[in-house]
Amino acid sequence: MRYLIAMRPDTEKESKKLNYLNDTFGVEQETMRKVREHSVANNREGMQVSPYEGQLLKSLVVWTKSQKILELGTLFGYSAMWMASGLGEGGQICTVEKDSSRFADSQRFFAESPWASQIVGLQGDFEELRAELEAKAPFDLLFIDANKAAYYRALLWGEGLLKKGGFVIADNTFLFGGVYGEKISDRWSPSVIENMKKLNARLADQNLYQGSMLPTSEGLLVAQKLF
Ligand SMILES: C[S@@+](CC[C@H](N)C(=O)[O-])C[C@H]1O[C@@H](n2cnc3c(N)ncnc32)[C@H](O)[C@@H]1O
């Protein structure tokens with residue numbers, strides 16, 4: 001299967017490049033492939049990370065030696081599985097999904113994956129599950145990939161659950177071009193754009209974080225917490 005839906009490439013050269021990247025640095029384990037097929041069938045592939053971004057997440061888990069991860073926004077479990085595949089023995093990822101049907105699908109996929117004992121799915125709005133998540137802290141890595149309007153709130157709250165030296169990863173930090181002035185759909189109000197810019201500015205503040213935004217199609221911000 002090719003990957004054109006997720007990538008929304010602008011040019012033929014760009015799509016060839018992304019296919020090459022996914023084919024070489026995004027080779028999926030069997031359950032991951034099933035999840036992506038499920039996403040394609042449900043017209044949701046564009047919502048999840050692409051295969052090469054999945055492998056990048058896995059690499060970041062390995063490089064940072066993260067053993068306790070919190071993910072906000074599960075969808076069907078694709079990124080959670082990629083991150084789980086980088087955990088060492090005894091490592092765990094807790095992932096939160098608000099939508100009950102998506103949550104149920106992810107649970108089914110987790111159960112049949114090799115990481116069933118390492119992925120804990122929670123159903124609900126992460127903002128309503130704060131107490132439960134705070135009880136699981138500290139985390140080594142926080143992956144923010146839920147509703148864009150709540151990204152900045154997620155950062156201000158979630159960074160408090162990270163140990164010093166832990167990592168924040170946030171996807172879609174270009175907000176589909178909105179943060180650098182592209183005219184984007186009415187779906188993203190000026191306040192959502194402002195909040196994404198505030199998140200980017202905070203993670204770019206070198207008094208607080210050592211971070212970089214990787215220029216993936218949608219922007220993937222990776223930052224180490226210094227406080
Ligand atoms: C971009 S998708 C996640 C994709 C997933 N991380 C992946 O790459 O495979 C965002 C998901 O977050 C969920 N979501 C949105 N707001 C949420 C919230 N406040 N709490 C928990 N989940 C939320 C949505 O229902 C959606 O399934």
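First listed ligand is number 1; within each ligand, the first listed atom is number 1.
Each of the following atoms of ligand 1 lies closer than 4.0 Å to a heavy atom of Met47: 1 (C), 2 (S), 4 (C), 26 (C). With ligand atoms numbered from 1 in the order given, ligand 1 contributes 9 (O) to contacts under 4.0 Å with heavy atoms of Tyr78. Heavy-atom contacts of Glu71 reach the following atoms of ligand 1: 6 (N) (cutoff under 4.0 Å). Close approach of ligand 1 to Asp125 is summarised as follows: ligand atoms under 4.0 Å from at least one heavy atom of the residue are 18 (C), 19 (N), 20 (N). Close contacts of ligand 1 with Val96, meaning ligand atoms under 4.0 Å from a residue heavy atom, involve 21 (C), 22 (N).
Of the N and O atoms on the side chains of Ser50 and Glu53, at least one donor lies less than 3.5 Å from an acceptor on the other residue. Between Glu97 and Thr95, the side chains place no donor N or O within less than 3.5 Å of an acceptor N or O (distance only, hydrogens not considered).
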Item checked: salt bridge (charged side-chain N to carboxylate O under 4.0 Å, His left out) between Arg102 and Asp105, worked out -> CA-CA 5 Å; Arg102 293 173 184 174; Asp105 290 349; over 6 Å; no
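Close to ligand 1: Thr74, with a non-hydrogen atom less than 4.0 angstrom away.
Among Lys98, Glu97, Arg153, Met83, the residue whose heavy atom lies nearest to atom 13 (C) of ligand 1 is Glu97. The option from Ser101, Gly77, Gly124, Ala146 that lies nearest to atom 21 (C) of ligand 1, judged by heavy atoms, is Gly124.
The closest donor-acceptor contact from the side chain of Ser66 to the backbone of Leu141 lies at 3.5 Å or more, if one exists at all.
In terms of protein heavy-atom proximity, atom 4 (C) of ligand 1 is closest to Asp145 OD2, 3.3 Å. Atom 8 (O) of ligand 1 has as its closest protein heavy atom Val49 N, 3.0 Å. Summary of contacts: the protein heavy atom closest to atom 17 (C) of ligand 1 is Asn147 OD1, 3.5 Å.
The ring pair (Phe, Tyr, Trp, His ring centres under 6.0 Å) test applied to Phe76 returns His38, not counting sequence neighbours.
Between Phe227 and Tyr209, the two ring planes are perpendicular [angle over 60°; tilted spans 30° to 60°].
Annotation: cation-pi geometry not satisfied between Lys136 and Phe139 (NZ/CZ under 6.0 angstrom from ring centroid, within 45° of ring axis).
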